[in-house]
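For reference, the structure is listed below as structure tokens.
Below, read A as the first sequence line, B as the second, and so on, with proteins coming before strands; counting in each chain starts at 1.
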Amino acid sequence: MTPLTAFLMVAALVFAIGLAISLTRRNAILVLIGIELMLNAANLNLIAFWRFGSHASGHGDGLTGMMFAIFSIAVAAAEAAVGLGLVIAYHRHSKTTDLDAMTRMKG
Amino acid sequence: MIFGLSIVFLLTAILTVAGAVAAALLKNLVHCALSLTVTFAGLALLYLQLDAQFAGFSQILVYIGAVAILVVFAILLTRGAGVPEYRGYSTSWLLGLVIAAGVFALLGWAVVKSLPAASPASAAPAITVQSIGAALMSSYVLPLEIVAVLLTVALIGAVIVAMPESRKHDVEQGGAK
Amino acid sequence: MSAGVQSLMLAQEITPVAPAWIISNLWLIPAIPMLAAGLIALLKQPQRKIAAGLAIGALGLSLLLAIAAFAHVLSAWSHGAATREVVNFNWFDLGSTHLQMGWVLDPLAATMLVMVTFVGSLIFIYSTGYMAHDENFTRFFCFLSLFAGAMLGVLIANSLLLLFMCWEIVGLTSYLLIGFWYHKPSAAAAAKKAFLTTRIGDIFFLLGIVWLFAQTGTLLFYDHGAGSMESSALAVLLSQPAALGLTAAGAIGLLIFAGAAGKSGQLPLHVWLPDAMEGPTPVSALIHAATMVAAGVYLVARVYPLMSAGAAPGGSTVSLTVIAWVGALTALFGALVAVAQNDIKRILAYSTVSQLGYMMVGLAVGGVAVGMFHLITHAFFKALLFLGAGSVIHGCHEEQDIRRMGGLRSTMPATFLTYSVGMLALSGFPIFFSGFWSKDAIIGAAHSWPVSEGPFVLLLIGALLTAFYMARQVSYVFLGTWRGHGHAHESPAVMTVPLSILAIFAIGLGVLGTPAWPWFTSFIESKALSIDMQAFGEPGLLPLMSFAILLVFIGLGAGWWLYARIPLKLPAGAPAHHHREEHGDEPRHLSGDMTDVLEDFAPTPWKWLANRLYFDELYAATVLRWYAALAWLSDWLDRRVWGGIVAAVALGFRGLGRFNKSMDSQWIDGTFDKGCEELVTGGGMLAWLQAGRAPGYLRALGLGVLVLAGLALVIGAATGQVRL
């Protein structure tokens, strides 16, 4: 197993766990936590490929992977803020964070 | 070196995954948030092992220093009636698990089956913060600006979304649910 | 002709009246009376004087123009110049062919113009007196004026088409005038009969016209060599064979003669003429004596070059032979039937039929001049006779049965005198009266006709009978004692003066046609003229003339012997009145009424003659029956068959409409409604998916990713893009 493969496997594992959290837990905040984990796993993927990939591309001076990951971190932070704000707002209305009880969008 | 991988890596990997699993299984939300923080730290260590120092440190700064705190704040703010988590797992949690397992299987299979992209021992790229700064200002100036705008918007949006509404609105919306 | 021939210039120095002007404005002659008719139509009934003034003024103006035209032709003739002048113009274009019309002025037309306008003017003046008590005075003059215009149009027409158009207008006005008293059923029926009978002739006429146009490409009579009566066209027509061994010329000639036969009352289309006496007497005088019936004779004279084309030397053409025989038979028939009539106008009507036959024979055997001379003289004395009869009727308070007249010699002297002149002229009393000369010319020509002596014999018998029935009529009406109701009185001057003028002409015109000085013949044929008393010495002429005179005297004598010698009396107990309105048509025999001498002598032949040889009955039983059957069949077809088809189609459409409606409401609407319901149900079903449960959505997302990624990998591996 090359180091790259190992890192990728770890990333895949973390991703799957994050997905599991999002799909199985009942609390809305935990779902957001799961989403953060998924994003982090993707970041790990990016860094790993940056480290072990070719740097021959002229664009970006070989920083592409790193920059991608940095920007991803920033965006994830913003998204976490907004999402948590939504949860807080909803909690203010209905006094619950239970995802299964949030059925007001029912068709 | 076990399986051709360094001990450090293995330990860090185990830490990360453990933290993630803990976040999945723990009942107490604050415990989940804290195990998330552990996972973040593990990931930062992994970045450092990948010679992505800047990414690692920004991971610690942003994720652990901001996002995790934010999550804890949100958990604390949304405690109210019915704090003890009831069952904690949604109905048909098995399906979610199956799907997640399927995704992992797929990804793992893809990773394992594909050829090694490059030799493991390629030289680490010499990155300095200065070069990152220079790149941000030259090649990546547009993404930089966009992200800046995005962050501003997200900030404002989060504030508005989470802001308590005026009394009038409250009364109208009061009996809706 | 021997020594003594010398060209005689006419004594009168006639200065030509602006020659070109009269020719180019010849159209005014018919146009002015037509215009007057139009103006009179706008007048109201009480405006009588204006109406009469307009009509008489217009015709007077046409008379002056006609005299001018006549003078023009006379001067051309006396100077030896061409006497025929035409003016042609394009009427309208049919692609490359032009339909042309025009007018012609030659001796024939000029003579007829003067005659028609002159006699017409006299009759118009007479009518102001005769119709004075009639309330439809204005309408009468409107129709009269229209008739005059149309008749004059027929006379000057240089195109068969224009002639036919005016011919038809003449027929129309004849209908209008015969049926003038339209509230009388007999008058309305008579008008209809006249119109339809002449129509039958006109159909053949039209066929002839169309055929002529098809063969020669022109309908003009004279067109500087290109006209249909000129040699090139005639040559074309002679070379074309038609059916039954006829050439096109012969066939067309017969067809045109059919039209003339209808208008001029030849056998068998004569049946309308006697019934036409239902109209007012001036109408009978103008239309059915002098002018309209003469139009048929004039037509034959106009197309005479066509009729006589291709005559074998010493023989004649088919057309002319047919005309001669038809005319001769008509002459005899008219004379026979006239003997047994009791209505004063009927006698004259049948006399007209007979004389028209004479004219046709004259044309056929003797040429244009012979026939036309008799036409001219006949116009005058027949108009005279009719107007005289009108005077008698007026004086006897609308009595028309000669059995209720008598002794009018003393009470109506002027009428008697003029009537006698007319009667003698018609009978052919020698020397002094024009009828003698004209009729004798015809008989002479018939005698020398190479084809057959048949017409000659028939004409002789006819002459005998003519004298006889006229003597009978005069005896009944004027001689003897008064058998009528009330008192008879003489007519006013406005009626007797025209009679006198006509009487003068009835005598004087004879001068123009004597063999010694054939002025008329020379004029018509534009030949040189000379006085030649030696003409009387031609072989056979004097014996023939003497024989004819003998026949006339025999006829007159027989009439006098039977009717005038012993004054006629009504039997005792006979009804005093015989109003035609009460007892309908002649000649029903009233019980106890006076019977004719001949009737007692030979009742059955008398009955046959009195019933006009049952022609009308024959037609009613055959032609009219078939026609009625055809009409009934058409009506049945129309109502049952075509109407049935239409009804069936309508029914079909209604059924289709109903079917459509049911289809629409049941199927289309139903389908649509069902579809909408299904849509709503489906929407409801889909909405069920929206459970509002976020975990569900997430799981769906995850599943989707899984599936898609798997697909991408598998397909990629299969296509070799992914190296696994």
Side-chain angles (χ1 to χ4, degrees), chain A residues 1-6 8-10 12-21 23-27 29-30 33 36-37 40 44 47-48 50-55 60-63 66-67 69-71 73-75 77-78 80-82 84-89 91-95 97 99-100, chain B residues 3-5 9 13 16-17 20-21 23-24 29 32 36 39 43 46-47 50-52 55 58-59 62 66-67 70-71 74-75 77-78 80-81 88-91 93 96-97 99-100 103-104 107-108 111 116-118 120 122 125 132 135 139-140 143 147 150-151 154 157-158 161-162 164 177:
Chain A
M1 185 182 288
T2 60
L4 177 62
T5 314
L8 292 178
M9 284 301 290
V10 170
L13 196 55
V14 171
F15 183 86
I17 292 167
L19 186 61
I21 292 174
L23 294 183
T24 54
R25 290 303 293 260
R26 231 165 140 159
N27 199 304
I29 296 173
L30 268 174
I33 286 169
E36 290 304 319
L37 275 177
N40 273 289
L44 184 56
I47 301 289
W50 171 76
R51 174 67 179 79
F52 290 111
S54 62
H55 301 275
D61 313 316
L63 280 170
M66 167 83 82
M67 299 315 293
I70 289 170
F71 282 123
I73 291 169
V75 171
V82 171
L84 286 169
L86 273 171
V87 171
I88 289 170
H91 174 83
R92 194 173 286 120
H93 271 289
S94 45
K95 306 287 183 262
T97 52
L99 209 55
D100 283 344
Chain B
F3 308 117
L5 300 167
F9 167 74
T16 311
V17 171
V21 168
L29 277 176
C32 291
L36 185 68
T39 313
L43 277 169
L46 284 172
Y47 290 163
L50 285 170
D51 296 313
S58 47
Q59 165 92 358
V62 172
V67 174
L70 191 60
V71 168
I75 290 168
L77 280 173
T78 56
Y89 298 100
S90 77
T91 50
W93 54 270
L97 203 60
I99 291 170
V103 168
F104 174 67
L107 284 171
V111 165
S122 56
I132 289 173
S139 310
Y140 296 97
V147 165
L150 175 73
L151 284 172
V161 162
K177 181 79 160 83

Which atoms of [X] approach chain A - backbone, side chain, both or neither, heavy atom under 4.5 Å:
X	answer
B/Val147	side chain
B/Val17	both
B/Ala55	both
B/Val62	side chain
B/Leu36	side chain

Counting heavy-atom pairs closer than 4.5 Å to chain A, which one of B/Gly157, B/Pro143, B/Ala13 comes out on top? B/Pro143

4.5 Å side-chain heavy-atom contact, [X] and [Y]:
X	Y	result
B/Ile132	A/Met67	yes
A/Asn40	B/Thr39	no
B/Leu50	A/Phe52	yes
A/Thr97	B/Ile75	no

Considering non-hydrogen atoms only, spot the tightest contact between [X] and [Y] and give its length.
X	Y	result
B/Val111	A/Met9	CG1-SD, 4.2 Å
A/Ala20	B/Leu97	CB-CD1, 4.2 Å
A/Val82	B/Ala154	CG2-O, 3.7 Å
B/Ala23	A/Leu30	O-CD2, 4.0 Å
A/Leu19	B/Ala100	CD2-CA, 3.8 Å
A/Ile47	B/Ala52	CG2-CB, 3.6 Å

Region of A/Ile29 that comes under 4.5 Å of a non-hydrogen atom in chain B: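 Contact with chain B is through the side chain of A/Ile29 alone.
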
Side chain, backbone, both or neither: which part of A/Ala69 has an atom under 4.5 Å from a heavy atom of chain B?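 No part of A/Ala69 comes within 4.5 Å of chain B.
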
Is it the case that the side chain of A/Arg92 and the backbone of B/Ala162 share a donor-acceptor pair, with hydrogens and angles ignored and the cut-off at 3.5 Å?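 Side chain of A/Arg92 to backbone of B/Ala162: a pair is present.
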
Interatomic spacing from [atom1] in [X] to [atom2] in [Y] - rounded to 0.5 Å:
X	Y	atom1	atom2	answer
A/Leu37	B/Leu43	CG	CG	8.0 Å
A/Ile73	B/Tyr47	CD1	OH	5.5 Å
B/Cys32	A/Ile21	SG	CD1	7.5 Å
A/Arg51	B/Asp51	CZ	CG	4.5 Å

Option that, when pairs with chain B are counted at under 4.5 Å, heavy atom only, ranks first among A/Leu13, A/Val10, A/Leu86: A/Leu13

Chi angles and distances behind the side-chain contact (heavy atoms from CB on, under 4.5 Å) call for A/Ile88, B/Thr78: CA-CA 6 Å; A/Ile88 289 170; B/Thr78 56; 4.2 Å; yes

